[in-house]
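Single-structure report; data block below.
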Amino acid sequence: MTSSALRVRFAPSPTGYLHVGGARTALFNWLLARQCGGTFILRIEDTDQSRHVAGAEQKILDDLRWLGLQWDEGPEVGGDCGPYFQSQRLDLYRQHVQRLLEEGNAYYAWDTPQELEAMRAEARKGQGPAKYRRPDPLPTIAQGLAAQQEGRAVVVRFAMPPGDIVVQDHIRGEVRVPQEELEDFVILKSDGWPTYHLACVVDDERMGITLVCRGQDHLSNTPKHVGLQRALGFRTPEYAHLPLIFNMSGSKMGKRDKHTAVHEAVTLKMRNAGWTTASVAESAGVDVETAGRWFGDKKGGRKPEFQVLEMDALRRLADAAGAVLPEIDVHDFRASGYLPEGLSNFLNLLGWSAGDDREQMTRDEAVTAFSVERIIKSNAKFDREKLLALNTQWVAAVSSDRLLAAFRDWAQVSGSAMADLDDATAARVLELCRGFRTFRDVESKAGALFVTDDRLVYDPGAVRKVLEKGEGRGYTMLAAVLPLLESADPWSAAELEARVTRFCEEQGAKLGDVAQPLRVALTGGTVSPAIFETLELAGRPRTLARVRRCLQRKGG
RNA sequence: GGCCCCAUCGUCUAGUGGUCUAGGACACCGGCUUUUCACGCCGGCAACGGGGGUUCGAGUCCCCCUGGGGUCACCA
């Protein structure tokens, strides 16, 4: 695997955003290609028309680039083995199917779903493997065509050749699958499109893929692919099957988690806030029936049908129910304010380690250190705390220019009010918030400074604790420092600090006795960057307006 | 259930027969720093799933059990 002839690929299916598991697969492949001057190919596996999500491929490309995983061949960059969308290679697949058919390595089949189900049920009862029973004799091509003419749903199945199949895997070692386990799987669907197996094998051959590095969930497909390769006279590439990534709970990480989070919040609303299915429908912007199916009916024993709600509707519902959607896709982390450096570094460490105590690594270091031999065999859990910690390290490590650029991307992607800030102000905000973990922290720490005065919301707890407590001591302090602020000249952090410090000394007060009321007046809460710098950044007019407004609230 | 894969702190992992009274990181707990929140610094707690072998010696090799996972589609 040190050859410059190494050709690897990442082959996502456009059914949604780029998932973190897929991102790690892409990263590992990319690393492998970069370290030996090989080629990293991106191929879109869009052979399932029904599950295709409009615009998904664009999102996947965008997030791959955000992660810094540019491909050498593929969509938008081209290459000698294109097109790189399987939907544009249908003729090629059909030619191969035809060949298999003519050589007797594949045959037409037109079993109904009921018949297939019956076959499986029977096989299960007989405690043998649930596999398709090959007809004997095989239908002829003419018979298959005739069935098609009659309007039956005809597929093509591959006639799995006899013999056990042994796969040499760089991570698992030798994996042997007995012949009895291998069935005659479908290679061409009745809609005339190839299945994943056929398309994947043909493309890996035609694109000259030398190493297939993918998730372990594909391990059991590999014998099928090897069988196909032999029948077609193809090479068998090398294989490396990656361990899987799970949630901390041990469950599979997926779209479902988002639904579960919202479902819990909605359940709570129904119990405590009088929500009904109708409120769910309204919040999500769907009809009541859909809302009902999504929510399910515990008493009626009807399980929730999460798939009926689109992501957009789910997001609306989440907002209404006050639920936070868990991050699952790369895009979620991007919108949550993680640095690609952090996410990528974390993903790199999931299922692989350098062998020493190094954890924080630049991309270049990872390229040098990475090796298939050091990939872990066991599945890993996705520990968000660890990711957060690593991201924090990266925030501190990255140059201020880089941080600013990443901040702008985040502000734009997340729709933050801070997207409009000019470079100098944005840079100043970043500087004042130093020590933050994600850009979302920056938002919650400094975001309030940039909303219009009338949209500033006061946290009741903060108001009580900082302003009202002790017979309105906080308000008193505010009123007392107001003149000092009004006459401050110049309006600078140093000048303001000098004035307030002197005031505190005279009053025998602690700095905090003034700083906290100022914070609440300025931001509505108890958290902000260092107070004097914050004042300076907010500027005189805004500061004075907010302090006065806060004082007025006291009366009202 | 059949088949396949996996197994070190709560989590990610180091460990390739003796230097393992098992190392690091995150989380957690305690302390320091501090005008808030973070960041940072110091310290602490914490693991070889169980049973058999092999060997002078096993976290490291073999077997069984247990546990976890994947897969059994006209999805990829």
Side-chain angles (χ1 to χ4, degrees), chain A residues 11-15 45-48 50-51 86 109 111 113 116 120 123-131 153-157 167 169 171-173 175-178 180-183 185-191 193-197 199-200 214-223 241 243-244 246 248 250 252 346 349-360 376-390 392 395-396 433-437 441 444-445 462 466 497 500-501 504 510-516 518-520 523 525-532 534:
Chain A
S13 169
T15 53
E45 307 215 321
D46 51 353
T47 55
D48 185 343
S50 61
R51 289 208 315 161
Q86 291 187 330
D111 312 79
L116 289 173
R120 278 192 280 270
R124 239 187 295 266
K125 241 186 297 172
Q127 79 240 93
K131 63 186 277 196
V154 176
V155 301
V156 176
R157 283 182 184 267
V167 177
D169 188 281
I171 299 169
R172 315 275 141 197
V175 178
R176 173 180 297 270
V177 178
E180 309 84 74
E181 295 300 320
L182 275 5
E183 71 170 357
F185 55 95
V186 174
I187 54 176
L188 193 73
K189 300 183 258 188
S190 59
D191 62 4
W193 288 54
T195 59
Y196 159 72
H197 304 296
C200 170
R214 78 234 290 195
Q216 204 221 96
D217 45 343
H218 285 293
L219 187 56
S220 56
N221 287 329
T222 309
H241 285 93
L244 270 19
F246 293 98
M248 285 303 277
K252 212 169 165 179
F346 176 72
L349 259 21
L350 231 42
W352 176 84
S353 83
D356 46 33
D357 289 336
R358 264 188 308 165
E359 291 204 330
Q360 190 181 17
I376 311 304
K377 292 172 143 184
S378 48
N379 297 337
K381 289 179 183 166
F382 193 98
D383 186 349
R384 287 152 200 282
E385 296 292 347
K386 178 109 183 183
L387 164 62
L388 204 48
L390 205 49
T392 308
V395 166
C433 289
R434 224 180 343 219
F436 65 88
R437 298 158 80 81
D441 289 354
S444 55
K445 197 167 183 175
V466 176
E497 176 161 15
V500 173
T501 307
C504 285
K510 284 182 297 190
L511 208 47
D513 297 334
V514 181
Q516 283 307 77
L518 277 173
R519 263 195 185 93
V520 176
T523 70
T526 55
V527 175
S528 86
I531 192 64
F532 302 112
T534 302

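What you see below is based on every heavy atom in this structure, not just the backbone, and it leaves out hydrogens, waters and symmetry mates. Bear in mind the structure is a predicted one, so any value in this text is a computation, not a measurement.
- With hydrogens and angles left out, the side chain of A:S190 and the base of B:C74 share a donor-acceptor pair within 3.5 Å.
- One interatomic measurement links the two molecules: CD1 of A:I376 to C1' of B:U16, which rounds to 13 Å at whole-angstrom precision.
- Between B:A76 and A:T195, no contact under 4.0 Å exists linking OP1 or OP2 to a side-chain N or O.
- Expressed to the nearest 0.5 Å, how far CD1 of A:I187 lies from NE2 of A:H197 amounts to 10.5 Å.
- Taking atom P on both nucleotides, B:U21 is separated from B:A47 by 15 Å, rounded to a whole Å.
- The gap from the P atom of B:A7 to that of B:G15 amounts to 13 Å, rounded to the nearest Å.
- Distance CG/A:D441 to CG/A:L388: 7.0 Å, rounded to 0.5 Å.
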Check: How does protein reach along nucleotides 31-38 of chain B, written 5' to 3' as B (base within reach of a heavy atom under 4.0 Å), S (only sugar-phosphate), or - (no contact)?
Finding: ----BBBB
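- Rounded to whole angstrom, the span from the CD atom of A:E385 across to the P atom of B:C29 amounts to 11 Å.
- Side-chain atoms of A:D46 come within 3.5 Å of backbone atoms of A:Q86 as a donor-acceptor pair (strictly under, hydrogens ignored).
- One interatomic measurement links the two molecules: CZ of A:R172 to P of B:C5, which rounds to 9 Å at whole-angstrom precision.
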Show me the protein contacts with nucleotides 41-47 of chain B, counting only N or O atoms at under 3.5 Å.
none

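- Nucleic acid contact class of A:R358 (heavy atoms, under 4.0 Å, all strands): none.
- Along RNA chain B, the nucleotide nearest to A:R51 and the one nearest to A:A396 differ in position, and the one closer to the 5' end is contacted by A:A396.
- With rounding to whole Å, A:D357 atom CG is found 17 Å from B:C12 atom P.
- Nucleotide B:G2 forms a pair with B:U71, judged by Watson-Crick or G-U wobble geometry with both contacts under 3.5 Å.
- Listed by chain and residue number, A:Y196 satisfy the ring pair (Phe, Tyr, Trp, His ring centres under 6.0 Å) test with A:H218 (two or more places apart in sequence, or in another chain).
- Atom CD in A:E180 sits roughly 19 Å away from atom P in B:C72 (whole-Å rounding).
- Residues A:T222 and A:R172 bring no donor and acceptor atom of their side chains to less than 3.5 Å of each other.
- Taking atom P on both nucleotides, B:U19 is separated from B:A58 by 11 Å, rounded to a whole Å.
- Taking atom C1' in both B:G40 and B:G10, one finds a spacing of 25 Å when rounded to whole Å.
- Side-chain contact check for A:F382 versus A:L387: some heavy-atom pair is nearer than 4.5 Å.
- Atom NZ of A:K381 and atom CE of A:M248 lie 7.0 Å apart (nearest 0.5 Å).
- Closest to the side chain of A:S353, out of B:G2, B:U13, B:C75, is B:U13.
- Defined by atom type and a distance below 3.5 Å, a donor-acceptor pair is present between the side-chain atoms of A:R519 and A:S528.
- For A:E181, taking side-chain heavy atoms from C-beta onward, the closest of the listed nucleotides B:A73, B:G2, B:U11 is B:G2.
- Each of A:F346 and A:P12 was matched to the nucleotide of RNA chain B holding its nearest heavy atom; the match closer to the 5' end belongs to A:F346.
- Relative to the side chain of A:E359, the nucleotides B:C5, B:C74, B:A25 differ in distance, and B:A25 lies closest.
- Atom CZ of A:R437 and atom CG of A:L390 lie 11.0 Å apart (nearest 0.5 Å).
- Going from atom CD of A:E183 over to atom C1' of B:G2 covers 13 Å, rounded to whole Å.
- We find that CG of A:L116 is positioned 16 Å from C1' of B:C75, with the value rounded to whole Å.
- Of the possible donor and acceptor atoms, one in the side chain of A:T534 sits under 3.5 Å from a partner among the backbone N and O of A:P529.
- Among the protein residues, A:R384 comes within range of no part of the nucleic acid, since none of its heavy atoms lies under 4.0 Å from any strand.
- Contact annotation: A:K381 side-chain N/O to B:C26 OP1/OP2 distance is not under 4.0 Å.
- The environment of CZ in A:R120 is crowded: more than 12 heavy-atom neighbours from other residues, nucleotides or ligands sit within 6.0 Å.
- Only the C1' atoms considered, B:G1 is 28 Å distant from B:C62, to the nearest whole Å.
- Pairing partner, B:G43: B:C29, with both Watson-Crick or wobble hydrogen-bond distances short of 3.5 Å.
- Expressed to the nearest 0.5 Å, how far CG of A:N379 lies from CG of A:L244 amounts to 5.0 Å.
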Notebook entry, point to check: Between A:E181 and A:R176, is a salt bridge (Lys or Arg N to Asp or Glu O under 4.0 Å) present by the stated rule, with each step listed?
Noted result: CA-CA 11 Å; A:E181 295 300 320; A:R176 173 180 297 270; over 6 Å; no
Look for any protein N or O under 3.5 Å of an N or O in nucleotides 60-63 of chain B and output each such pair with its distance, or none.
none

Next item on the list: Kindly determine whether A:L511 and A:F532 satisfy side-chain contact (heavy atoms from CB on, under 4.5 Å), including the steps that lead there.
Entry: CA-CA 11 Å; A:L511 208 47; A:F532 302 112; 4.2 Å; yes
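- At the heavy-atom level, A:G525 lies nowhere under 4.0 Å from the strands shown.
- Residue contacts shown for A:L188 are absent, as no nucleic acid heavy atom lies under 4.0 Å away.
- In this structure, CZ on A:R157 lies 12.0 Å from CG on A:L188, to the nearest 0.5 angstrom.
- Within the shown strands, B:U66 is the pairing partner of B:A7 under the Watson-Crick or G-U definition, both distances less than 3.5 Å.
- No donor-acceptor pair under 3.5 Å is formed between the side chain of A:K510 and the backbone N or O of A:C504.
- Here A:R157 reaches the OP1 or OP2 of B:C74: one of its side-chain N or O atoms lies under 4.0 Å away.
- Residue-level contact check: A:S50 touches neither bases nor backbone, having no heavy atom under 4.0 Å from any strand.
- When the side-chain nitrogen and oxygen atoms of A:K377 are compared with OP1 and OP2 of B:C6, one or more of them lie within a distance under 4.0 Å.
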Short N/O separations, protein against nucleotides 67-71 of chain B, under 3.5 angstrom:
| unit_1 | atom_1 | unit_2 | atom_2 | d |
| --- | --- | --- | --- | --- |
| B:G69 | O2' | A:N379 | ND2 | 3.0 |
| B:U71 | O2' | A:S220 | OG | 3.4 |

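- One P atom belongs to B:C45, the other to B:G30, and the distance between them is 15 Å to the nearest Å.
- Of the possible polar contacts, none joining the A:T523 side chain to the A:V520 backbone as a donor-acceptor pair under 3.5 Å is found.
- A distance of about 34 Å separates the P atoms of B:A38 and B:A22, rounded to the whole Å.
- If you take CG of A:D383 and C1' of B:G24, they are 15 Å apart, rounded to a whole angstrom.
- Nucleotides B:C32 and B:U16, compared at atom C1', are 42 Å apart to the nearest Å.
- A:V175 comes within contact range of the sugar-phosphate backbone alone, with a heavy-atom separation under 4.0 Å but no base atom that close.
- Partners of A:E497 under the salt bridge (charged side-chain N to carboxylate O under 4.0 Å, His left out) rule, at least two apart in sequence or in another chain, do not exist in this structure.
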